[in-house]
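What follows is one structure encoded as structure tokens, with my remarks underneath.
Keep in mind it's a predicted model, so treat the numbers as computed, not measured.
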Amino acid sequence: MAKKNQSRQDSIEKELSGINDAAGDLMETAFCASAFKLYGELRSRARSEGHLGFYVFGTFFQMTLAQRLLQFEKVRERAVELIAIFEDEEQARRIEPSLDLDQYENMIYSMGACAYEVLAEATGALDGYNSEGMQECLTGGIEVCHRIGKLSCIQCFREYACDTNTAADDYELARYHCNQVLNQVNDFPERGDRRWLAMLRLAMMDIFEGQHDSARVKLEQAAGLSTSESVND
């Protein structure tokens, strides 16, 4: 009986892995709508089979693809679902009762901060970067980065803090967050060296304030920073 059960589990794992790989291939070649649909099938199949890992993969990449498709309500929905799973073990066990805690912790480390980051982007797009919900996303995301020890990802939230404070016309605080990103010279987050973008934001604030000569210098510096080998976006 044990051998038969193991064979069934192996078969399910192979099936889910195949769906995941096929959806990933579609996403890589920019067939976003088709990939979104296939990741939805992965979510459904993984939930019915009680496989948290593949369910989280399907949810995470649907969230990412919804950004590309400008479906920000769906982005927010998927991000909130992921955060609920990562913040509450009982939510995760509703999908996979015999949860492997090491695997669960690895998922939180890999994707926990990203879920908050994407939620911040969706909230900014839907409600405005100066909305109350945006502040909650930033606070929650930075707290998660500290809790799981993924400190390099704090810089991602500093970018959104810059947008939030710019929207509130608080250029002094916006510049502070940009300069914090510029001060980072190694150990960049997974999306790479973003100093060029921080410098671009500083240039835009100069333009808003009529400081065009200063803005030109910063734009040239941003162009130079964008050619760094550590830039991947």
### Query
For Gly40, does its backbone N or O pair with a side-chain atom of Ser44 as donor and acceptor, under 3.5 Å?
no

### Query
So do Leu126 and Val75 actually touch side chain to side chain, heavy atoms under 4.5 Å?
no

### Task
Could you tell me the separation between the CD1 atom of Ile95 and the OG atom of Ser48, rounded to the nearest 0.5 Å?
11.5 Å

### Heavy-atom pair of closest approach, residues Leu38 and Ala23
CD2-N, 3.4 Å

### Rounded distance [0.5 Å steps], CE in Met199 versus OG in Ser226
11.5 Å

### Query
So, Arg175 and Asp206, do they make that salt bridge, N to O below 4.0 Å?
yes

### Query
Hey, any chance Leu173 and Leu197 share a hydrophobic cluster, counting ILVMFWY side chains that come within less than 4.5 Å of each other, even indirectly?
no

### Query
Once the angle between the rings of Phe57 and Phe61 is folded into 0 to 90°, is it parallel (under 30°), tilted (30 to 60°) or perpendicular (over 60°)?
tilted

### Query
How far does CZ of Arg94 sit from CD of Glu89, to the nearest 0.5 angstrom?
12.5 Å

### Task
Identify the two heavy atoms, one from Gly112 and one from Val144, that lie closest to each other, and give their separation to 0.1 Å.
C-CG1, 4.2 Å

### Query
Should Met204 and Val217 be counted in the same cluster of Ile, Leu, Val, Met, Phe, Trp and Tyr side chains packed under 4.5 Å apart?
no

### Message
Side chains of Thr59 and Arg43: any donor to acceptor distance under 3.5 Å?
### Response
yes

### Task
Would you sort out whether Arg45 and Glu49 count as a salt bridge (Lys or Arg N to Asp or Glu O under 4.0 Å), showing the intermediate values?
CA-CA 6 Å; Arg45 190 78 177 98; Glu49 294 296 344; 2.5 Å; yes

### Task
Find out if a path of hydrophobic residues (ILVMFWY) with successive side-chain heavy-atom gaps under 4.5 Å connects Leu138 to Val181.
no

### Message
When you measure from the side chain of Thr166 to the backbone of Cys162, do you find a donor-acceptor pair of N or O atoms at a distance under 3.5 Å?
### Response
yes

### Close side-chain approach of Met27 to Arg68, heavy-atom, < 4.5 Å
yes

### Message
So Tyr39 and Leu42, do their side chains get closer than 4.5 Å, heavy atoms only?
### Response
yes

### Query
Considering only heavy atoms from C-beta outward, does the side chain of Cys178 approach that of Met205 to under 4.5 Å?
yes

### Task
Answer yes or no: are there more than 12 heavy-atom neighbours, outside Asp213 itself, under 6.0 Å from its atom CG?
no

### Query
With distance as the sole test, does Thr227 use its side chain to make a donor-acceptor pair with the main-chain N or O of Gly224 at under 3.5 Å?
yes

### Query
Cluster question for you: counting only ILVMFWY and a side-chain heavy-atom cut-off of under 4.5 Å, with indirect links fine, are Leu119 and Leu69 together?
yes

### Side-chain touch Lys37/Leu26, heavy atoms, less than 4.5 angstrom
no

### Task
Mind running side-chain contact (heavy atoms from CB on, under 4.5 Å) on Phe86 and Val56 for me, showing each step along the way?
CA-CA 10 Å; Phe86 295 152; Val56 166; 3.9 Å; yes

### Message
Quick check: closest heavy atoms across Gln103 and Gly53, and the distance to 0.1 Å?
### Response
NE2-CA, 4.5 Å

### Message
Can you confirm whether Thr164 sits close enough to His177 that some side-chain heavy atom of one is under 4.5 Å from a side-chain heavy atom of the other?
### Response
no

### Query
Any donor-acceptor pair under 3.5 Å linking the side chain of Asn183 with the backbone of Asn179?
yes

### Query
Linking I/L/V/M/F/W/Y whenever any side-chain heavy atoms sit under 4.5 Å apart, do Val80 and Leu65 land together?
yes

### Query
How long is the gap from CD on Glu172 to CG on Asn165, to the nearest 0.5 Å?
10.5 Å

## Note on the structure
dist Leu219:CG -> Leu202:CG (nearest 0.5 Å) comes out at 10.5 Å

### Task
Decide side-chain contact (heavy atoms from CB on, under 4.5 Å) for Glu159 and Arg201; before the verdict, give the C-alpha distance in whole Å, the side-chain angles of both, and the deciding distance to 0.1 Å.
CA-CA 9 Å; Glu159 291 184 29; Arg201 285 185 165 97; 3.7 Å; yes

### Task
Find the distance between CD1 (Ile108) and CG (Leu82) and round it off to the nearest 0.5 Å.
11.0 Å

### Message
Looking at Arg147 and Glu143, is any side-chain nitrogen of the basic one under 4.0 Å from a carboxylate oxygen of the acidic one?
### Response
yes

#### Entry: Aromatic plane relationship, Tyr171 with Phe208 - under 30° parallel, 30 to 60° tilted, over 60° perpendicular
tilted

### Task
For residues Tyr176 and Arg158, determine if any side-chain heavy atom of one lies less than 4.5 Å from a side-chain heavy atom of the other.
yes

### Message
Can you give me the closest heavy-atom contact between Tyr104 and Leu99, atom names plus distance?
### Response
CG-CD2, 3.8 Å

### Query
What do the steps show when you test Lys74 against Phe36 for side-chain contact (heavy atoms from CB on, under 4.5 Å), and what is the final call?
CA-CA 11 Å; Lys74 185 63 69 175; Phe36 183 91; 3.7 Å; yes

### Message
Which heavy atom of Ala167 sits nearest to which heavy atom of Tyr129, and what is that distance?
### Response
CB-CB, 4.1 Å

### Query
Do Met63 and Glu81 pass the side-chain contact (heavy atoms from CB on, under 4.5 Å) test, and can you show the C-alpha distance, the side-chain angles, and the key distance before you say yes or no?
CA-CA 10 Å; Met63 175 183 73; Glu81 183 177 0; over 6 Å; no

### Query
Minimum heavy-atom separation for Arg93 to Ser98, with atom names?
NH1-C, 4.2 Å

